[in-house]
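Counting convention: from 1, in listed order, for ligands and their atoms alike. Any value given below was found using the heavy atoms of this structure, including those in side chains, with hydrogens, waters and symmetry copies removed.
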Amino acid sequence: MGGFEDIGARLDALENQGLYRRRRVVEGAQGRELIVDGRRLLNFCSNDYLGLAADPRIAEAFAGAVRKWGVGAGASHLVCGHTGAHRDLEQALAAFTGRPRALLFSTGYSANVGVINALLSVGDHVFEDRLNHASLLDGGWISRADFHWYEHRNVDDLGRQLANSHASDSRLLIVSDGTFSMDGDFCPIGSLVPLARQSAAWIMIDDAHGIGVHGVGGRGLVDPEVYSTEDVPVLVGTLGKAFGTFGAFVAGDDALIETLVQRARNYIFTTALPSAVAIATLRSLAIVAEEGWRREHLAGLISRFRAGADEIGCKLLPSDTPIQPVIVGSARAALAVSRLLEDAGILVTAIRPPSVPRDTARLRVTLTAAHTEADVDRLIECLASIPRDAGPA
Ligand SMILES: *Cc1c(COP(=O)(O)O)cnc(C)c1O
C-alpha cells in the first residue's frame with residue numbers, strides 16, 4: 001500500500017492498542033465539577049491549579065475589557081495589534097518574575113517553538129531533558145541545531161554531553177520544564193545553573209506548571225531572589241494554567257526580548273492575543289499574588305492525597321506538586337481504571353504513550369484550590385474500591 005491508502009488502517013491500529021484519543025464535550029465553566037457529555041463529574045484533570053479559570057472577578061474584568069477593546073486584536077504585534085493592555089501586562093509580568101522585561105505570546109506552545117528558533121540555528125546545540133514538554137522538543141528539532149537528550153533530571157549526563165559539544169563559535173542552550181507535566185517533579189535548577197555557567201551555556205526554563213503555584217508569592221521555581229536573569233536567561237510561563245486565562249510569556253533581559261521581537265517567527269507571524277485576555281490576566285495576576293491561601297490550601301490537599309493514596313497501595317511518583325500521577329502500566333489498563341472512576345462520578349484522564357514512556361501509562365490526577373478535603377477523600381475511596389486487576393495488563 002502506498003500514499004495515504006493506509007490512513008484508516010492506522011487509525012484502527014491506534015484503537016486496537018488502546019491509544020485512540022477522544023475529546024469529551026464539557027458544558028459550562030471549569031471548576032471542581034464539570035458537566036461532561038451531560039453528566040456531572042468531580043474534576044481531577046484540569047490545570048486550573050488555583051481555581052481561577054471561572055473566577056467572577058476575572059470574568060468581570062474580561063467582560064469590561066471586551067466592551068472597551070473589542071474581541072479580536074486584528075493584527076500581529078508588529079503591525080497594529082499591540083495595545084496598551086499588552087504593554088501593561090508585559091510590565092506586570094516582568095515585575096512579577098523579577099526580570100527586566102517580558103513578552104507576550106499567544107500560547108505556551110508557540111512561545112517555546114519561537115524562542116528556541118530565534119536563539120539557535122545550524123551548528124548550535126540544544127540539550128533537552130528526556131521528559132520535556134512536546135513544544136520544547138518541537139522547538140529544538142525545528143531549529144536545526146544539534147539535538148541532545150539527557151536522562152531525566154540527570155545533571156551528570158548533561159555535563160558529559162555539554163563537554164563533548166563545546167565549540168567556541170556555537171551556542172549551547174539547556175532546555176527544561178520547571179515542573180514536569182506528566183511526572184510532577186521539579187527540574188534540578190540548583191545544579192543546572194553552575195553547570196551552565198561553567199559551560200558558557202544558557203538555560204531556558206519553561207515553568208508552565210510552576211508559575212502561580214509554588215514559590216514565594218507564586219513566582220514558581222525560578223525565584224528572582226535566588227536566580228538572576230544571568231543565571232536563567234530565558235524564563236517561559238503560561239497563562240492558561242494557574243492564572244486561569246490564556247496565552248504565555250517569555251521573561252528575560254532587554255537583548256533577549258528584542259531578539260524575540262526581531263526573530264521569533266511564532267511572535268511575528270501571528271495575531272496578537274485579544275487585549276481583553278491581557279486585562280483579565282492583570283486581574284488574575286493581582287489575585288495570584290494576594291491570595292496566598294489558595295497555594296496553602298492546595299499544598300494541604302496534595303499532602304492529604306499522597307497520604308491517602310499511599311495507604312491504599314497506589315503507585316505514586318515523588319511529586320510535591322498538584323500533578324499526582326498514579327502509575328497503572330499498560331495503556332489499556334489505565335483506560336479501564338479511568339472508565340471505572342468515571343462510572344463512580346470522577347473524572348481523571350488516563351495518560352498514555354506517546355505522552356509518557358511505554359508501560360508507564362497512568363492516571364494523571366491534578367488537584368486544584370477549588371477542591372475540598374472531602375473531594376480528595378472521595379477520590380481515594382473510589383481508587384481503593386477499584387480492583388487491582390481492573391484492566392488487561
Ligand atoms: C501546557 C504547557 C505548555 C503549552 O502551553 P499552552 O499555553 O497551553 O500552549 C508548554 N509547556 C509546558 C511544560 C506545558 O505544560
For ligand 1, which atoms sit closer than 4.0 Å to a heavy atom of [X]?
X: Thr238; result: 5 (O), 7 (O)
X: His209; result: 14 (C), 15 (O)
X: Gly108; result: 4 (C), 5 (O), 6 (P), 7 (O), 9 (O)
X: Asn112; result: 10 (C), 11 (N)
X: Tyr109; result: 4 (C), 5 (O), 6 (P), 9 (O)
X: Thr107; result: 7 (O), 9 (O)

Determine, for Phe96 and Arg219, whether the Lys NZ or Arg CZ falls below 6.0 Å from the six-membered ring centre while staying within 45 degrees of the axis.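 Yes; both conditions hold, so Arg219 lies above the ring face of Phe96.
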Does the protein put a heavy atom under 4.0 Å from atom 5 (O) of ligand 1?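 Yes; the ligand atom in question has protein heavy-atom contact below 4.0 Å.
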Geometric class of the [Y]/[X] ring pair [parallel <30°, tilted 30-60°, perpendicular >60°]:
X: His77; Y: Tyr267; result: parallel
X: Phe44; Y: His371; result: parallel
X: Phe186; Y: His214; result: perpendicular

For ligand 1, is there an atom lying under 4.0 Å from some heavy atom of Ser135?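 The answer is yes, since Ser135 has a heavy atom less than 4.0 Å from ligand 1.
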Contact partition for Asp177 relative to ligand 1, non-hydrogen atoms under 4.0 Å: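 Side chain only.
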Heavy-atom distances under 4.0 Å decide this one: backbone, side chain, both or neither, for Ala248 against ligand 1?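 The answer is neither; Ala248 stays 4.0 Å or more away.
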For atom 12 (C) of ligand 1, tell me which residue out of Asn132, Asp206, Leu131, Asp207 has the closest non-hydrogen atom.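 Looking at heavy atoms only, Asp206 sits closest to atom 12 (C) of ligand 1.
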Answer whether the closest heavy-atom distance between the side chains of Asp183 and Ser319 falls below 4.5 Å.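 No, side chains not in contact.
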Heavy-atom distance under 4.5 Å between the side chains of Ile302 and Pro322, does that happen here?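 They are in side-chain contact.
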What is the closest protein heavy atom to atom 2 (C) of ligand 1, and at what distance does it sit?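 For atom 2 (C) of ligand 1, the nearest protein heavy atom is Lys241 NZ, 2.4 Å.
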Sub-3.5 Å donor-acceptor pair from the side chain of Thr366 to the main-chain atoms of Ile323, do we have one?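 No; judged by distance alone, with no hydrogens or angles, the pair does not exist.
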Got a second to check how far Arg197's CZ is from Ile203's CD1, nearest 0.5 Å?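 Here the interatomic distance stands at 9.0 Å.
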